[in-house]
Colleague: 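This structure is in structure tokens; I'll ask about it shortly.
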Amino acid sequence: FPCVDFLGTTVKPGQIVEDLNRVFCKRDGKSILIRKDSLKTAGYEENFPIDDFMTSSFGLKRLCAAVSETRDGANDDTSRAAAFAVALKEAEPESYERAERYLFPTEEVVFNSTLAYGSNISATALERYFNCPYAGFVDNKLKLKRPEMGDAESYEVGSLLHSVLENFAPIALSIVEEDVSGVVDELFNKEMKKNGMDRFLNKARYVHIFTLVREEAQKRCRALRDELLGGDFVVSGTEVVFSDEKGSKYPPLELTTPYGLSFMRGKIDRVDEIEDETDGPKQRYVRIVDYKTGSVDRKDSEENLYSGRSIQLYLYMNVLTETGAKPAGVYYYKIDDSFSQKGEDGSGYIGKTINNLKVMKHMDKSVAETGESKTFFFKTTINKVTGEIIVKSSRNVVSESTLSSYVSYAKKVAESGVGEILRGCIIPSPYDGACESCKYKGMCGYDAETGTRTRKVSADAETIESCGGKIKVTSEETKNDE
């Protein structure tokens, strides 16, 4: 490019020239290209994309990516990176020292109290961390909030339905059919006023919206009452607190990490229980219900449990099993808040039930008559060889030992996650799809389409049971064309 224009004024180089200088030259202007024969001498094979390592700046980035892939279990081939490091020793000793530190790290991880927030943590905060450490940090350490826009937010509508159901559940069995509508209306109006949502009723569009929400509350409460009448389990508590505060029903859940103890506190939306003694000594079975608005797609999958993104219910079950209770089931109770027309539905129990026929009959008495529960989605059949009634195989039904292993695993993976939080881990490394609805994606600088830290995971019940208390969660990073 010309150094001066025709009038003799100094010309500033274009941006592309600056970029080329920065990539291919040192500060003194000398080239930093790595000789191809140096890479070959170091053991670099012809079928490798050699252009990735032709400069120290590109090469160091690829070296970091290779180390990260090896650490996360996505790739066990470090030959390219090692060959580059050897070639770098000849071409640029200073950069070689950096490469050596990447390949053979010796520094110990230091507790970073500035970034840590895990000494007292909730199950929701921990799930958020596992979904993406950076988003968890912004949510739970920085505690950033959206500015008030003057509109009713979807989470407020969800909380309204949530509160109505929580208040209705303990009294559901004591209400006669003809009084249900009046009781639900009274609870709905009370919660509207309590949460200040009655302020929206002076706008016509919100009058229609909250009419639909009221109808949904009526429908859900009636369904809940029918479900409780259809079984023998009783609601023993709603908003059940476990913490070290006065009045708490249960103590906090103790989590052991390399950095000391952490205490999980929280509230369980609903606990149902029954005492059964049909086969001997009295056993106390419990089931946990967590009300959810919005999407619960695959929320109960083994993959989400394995990766720590859906451990809330199993952590809550840890609190109850420590009192001697036996787990009967864990469920998300889906509340449909996406309706736009009267009569739409997408609600119900989503979760796991133990494969124990006597407990299943307590959950839904219709099983004894029809062989099926339309509430908890399981069926029975006749064993053609023995003639006995057995439960059909289903992703919603697991053995008692499997559910117990899920409960144990959730605590172990929680302890692992809290340890990472206490170390100060806030790196943007989301699971596949997490960035799509993340409200912080403009802050972290991570590009999910081209980034190498987007995680995927595959697991089943056998994988989780085989861990045997040892956590070895591995992820498969999304491969992107380079």
Side-chain angles (χ1 to χ4, degrees), residues 122-125 127 152-175 179-198 210 212-231 233-243 245 247-250 264-274 286-296 299-300 312-313 315-317 319-320 325 328-339 345-351 363 375-376:
S122 68
T124 304
E127 286 186 346
E153 299 285 351
S154 59
Y155 76 86
E156 292 180 294
V157 176
S159 296
L160 174 63
L161 287 168
H162 192 285
S163 298
V164 173
L165 278 168
E166 278 185 350
N167 287 303
F168 181 80
I171 60 174
L173 295 179
S174 63
I175 304 171
D179 291 341
V180 171
S181 181
V183 171
V184 175
D185 271 343
E186 185 179 336
L187 290 173
F188 189 87
N189 293 335
K190 181 182 177 181
E191 291 302 321
M192 283 280 290
K193 187 173 182 180
K194 179 180 176 182
N195 295 303
M197 300 191 72
D198 52 350
F210 282 106
L212 290 175
V213 177
R214 186 186 294 271
E215 290 171 355
E216 178 69 12
Q218 288 278 356
K219 181 169 59 178
R220 283 298 104 215
C221 287
R222 287 183 180 279
L224 176 59
R225 178 177 176 273
D226 291 341
E227 289 155 6
L228 290 173
L229 285 171
F233 276 76
V234 296
V235 178
S236 62
T238 59
E239 289 283 284
V240 178
V241 178
F242 59 98
S243 74
E245 296 178 3
S248 173
K249 187 169 184 179
Y250 300 106
M264 178 169 288
R265 298 166 174 81
K267 292 180 181 179
I268 307 172
D269 284 352
R270 196 177 101 207
V271 177
D272 303 340
E273 62 180 69
I274 188 173
V286 294
R287 67 186 182 197
I288 288 174
V289 180
D290 188 73
Y291 301 116
K292 289 290 183 189
T293 54
S295 174
V296 292
K299 186 76 175 168
D300 64 330
Q312 179 184 12
L313 299 183
L315 289 173
Y316 289 171
M317 187 59 81
V319 174
L320 300 180
V330 292
Y331 308 98
Y332 296 103
Y333 192 86
K334 170 84 168 65
I335 307 171
D336 186 14
D337 65 345
S338 60
F339 49 82
D345 196 9
S347 306
Y349 292 92
I350 298 169
M363 284 197 173
T375 301
F376 298 98

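Throughout, residue positions are numbered sequentially from 1 according to the sequence presented.
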Colleague: Does Glu191 offer a backbone N or O that forms a donor-acceptor pair with the side chain of Asn195 under 3.5 Å?
Modeller: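 Flag set: sc Asn195 to bb Glu191 pair under 3.5 Å.
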Colleague: Restricting to non-hydrogen atoms, name the atom on Val164 and the atom on Leu187 that form the minimum distance, rounded to 0.1 Å.
Modeller: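 Shortest heavy-atom separation between Val164 and Leu187 comes out as O-CD1, 4.2 Å.
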Colleague: Working note: Val234 + Ile274, criterion side chain to side chain contact (heavy atoms under 4.5 Å, CB included); need CA distance, chi angles, decisive distance, verdict.
Modeller: CA-CA 7 Å; Val234 296; Ile274 188 173; over 6 Å; no
Colleague: Contact between Val235 and Val271 at the side-chain level, heavy atoms closer than 4.5 Å - yes or no?
Modeller: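 The answer is no, as the side chains (C-beta and beyond) never meet within the 4.5 Å cut-off.
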Colleague: Using modelled atom types and a 3.5 Å cut-off, is there a donor and acceptor pairing between side-chain atoms of Thr293 and backbone atoms of Gly158?
Modeller: no
Colleague: Can you name the nearest heavy-atom pair linking Arg270 to Ala169, along with the distance?
Modeller: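 Minimum heavy-atom contact is CD-CB, 3.9 Å.
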Colleague: With a 4.5 Å heavy-atom cut-off, do Arg220 and Leu161 have their side chains touching?
Modeller: no
Colleague: After noting the C-alpha distance and the side-chain angles of Phe242 and Tyr250, does the key distance pass the ring pair (Phe, Tyr, Trp, His ring centres under 6.0 Å) rule?
Modeller: CA-CA 4 Å; Phe242 59 98; Tyr250 300 106; 8.1 Å; no
Colleague: Is Arg287 paired with Asp272 through a side-chain N to carboxylate O contact shorter than 4.0 Å?
Modeller: yes
Colleague: Excluding sequence neighbours, so at least two apart, what forms side chain to side chain contact (heavy atoms under 4.5 Å, CB included) with Ser159?
Modeller: none
Colleague: Decide side chain to side chain contact (heavy atoms under 4.5 Å, CB included) for Leu160 and Phe210; before the verdict, give the C-alpha distance in whole Å, the side-chain angles of both, and the deciding distance to 0.1 Å.
Modeller: CA-CA 10 Å; Leu160 174 63; Phe210 282 106; 4.0 Å; yes
Colleague: Are the side chain of Glu227 and the backbone N or O of Thr375 linked by a donor-acceptor pair below 3.5 Å?
Modeller: no
Colleague: For Glu127, what residues pass the salt bridge (Lys or Arg N to Asp or Glu O under 4.0 Å) criterion, not counting sequence neighbours?
Modeller: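 With neighbours one apart ignored, the set is Lys299.
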Colleague: Is Ser174 reaching over with its side chain to a backbone N or O of Ile171, donor-acceptor style, under 3.5 angstrom?
Modeller: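 Checked: pair present.
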Colleague: Measure across Val241 and Ser248 and return the closest heavy-atom pair with its distance rounded to 0.1 Å.
Modeller: O-OG, 3.1 Å
Colleague: Heavy-atom count around Glu156 CD within 6.0 Å, excluding the residue itself: above 12?
Modeller: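 Counting neighbours around CD of Glu156, more than 12 heavy atoms of other residues, nucleotides or ligands fall under 6.0 Å, so yes.
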Colleague: In Å and rounded to the nearest 0.5 Å, what is the NZ to OG distance from Lys267 to Ser243?
Modeller: 9.0 Å
Colleague: My understanding is that only residues two or more places apart in sequence, or in another chain, count here; which of them pass side-chain hydrogen bond (donor to acceptor under 3.5 Å, both in side chains) with Arg265?
Modeller: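 Listed in chain order: Asn120, Asp244.
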Colleague: Between Val289 and Asp269, which heavy-atom pair has the shortest distance, and what is it?
Modeller: O-CB, 3.3 Å
Colleague: Between Asp290 and Ile268, is a side chain to side chain contact (heavy atoms under 4.5 Å, CB included) present by the stated rule, with each step listed?
Modeller: CA-CA 7 Å; Asp290 188 73; Ile268 307 172; over 6 Å; no
Colleague: Mind checking what makes salt bridge (Lys or Arg N to Asp or Glu O under 4.0 Å) contact with Glu166, not counting sequence neighbours?
Modeller: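 None.
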Colleague: According to salt bridge (Lys or Arg N to Asp or Glu O under 4.0 Å), who are the partners of Lys190, at least two apart in sequence or on a separate chain?
Modeller: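 Partners of Lys190 by the salt bridge (Lys or Arg N to Asp or Glu O under 4.0 Å) criterion come out as none, since no residue qualifies.
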Colleague: Give me the atom names and distance for the closest heavy-atom approach of Ala328 to Phe233.
Modeller: CB-CZ, 3.9 Å
Colleague: Under the rule for ring-ring contact (aromatic ring centres under 6.0 Å, His included), what residues qualify as partners of Tyr291, not counting sequence neighbours?
Modeller: His162, Tyr333
Colleague: Which heavy atom of Ile288 sits nearest to which heavy atom of Met317, and what is that distance?
Modeller: CD1-N, 3.4 Å
Colleague: Which residues pass the ring-ring contact (aromatic ring centres under 6.0 Å, His included) test with Phe168, sequence neighbours left out?
Modeller: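 So Phe168 forms no ring-ring contact (aromatic ring centres under 6.0 Å, His included) with any residue.
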Colleague: Under the salt bridge (Lys or Arg N to Asp or Glu O under 4.0 Å) test, which residues partner Asp300, sequence neighbours left out?
Modeller: Arg395
Colleague: Using side-chain heavy atoms (C-beta onward) and a distance below 4.5 Å, is Leu313 in contact with Tyr332?
Modeller: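 Counting from C-beta outward, Leu313 and Tyr332 do come under 4.5 Å.
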Colleague: How long is the gap from CD1 on Ile175 to OG on Ser181, to the nearest 0.5 Å?
Modeller: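 Between atom CD1 of Ile175 and atom OG of Ser181 there are 11.0 Å.
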Colleague: What residues form a side-chain hydrogen bond (donor to acceptor under 3.5 Å, both in side chains) with Ser236, not counting sequence neighbours?
Modeller: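 So Ser236 forms a side-chain hydrogen bond (donor to acceptor under 3.5 Å, both in side chains) with Glu273.
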Colleague: Do Lys292 and Lys334 have side chains that approach each other closer than 4.5 Å (heavy atoms only, starting at C-beta)?
Modeller: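 The answer is no; the side chains never approach within 4.5 Å.
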Colleague: side-chain hydrogen bond (donor to acceptor under 3.5 Å, both in side chains) with Asp226: which residues, sequence neighbours excluded?
Modeller: none
Colleague: Could you tell me which residues satisfy ring-ring contact (aromatic ring centres under 6.0 Å, His included) with Phe188, sequence neighbours excluded, listed by chain and number?
Modeller: none
Colleague: Going by the rule side chain to side chain contact (heavy atoms under 4.5 Å, CB included), which residues pair with Asn189 if we only count those two or more places apart in sequence or in a different chain?
Modeller: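 Asn189 satisfies side chain to side chain contact (heavy atoms under 4.5 Å, CB included) with Arg214 only.
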Colleague: Any chance you could lay out the side chain to side chain contact (heavy atoms under 4.5 Å, CB included) test for Leu315 and Met264, step after step, and finish with the verdict?
Modeller: CA-CA 9 Å; Leu315 289 173; Met264 178 169 288; 3.7 Å; yes
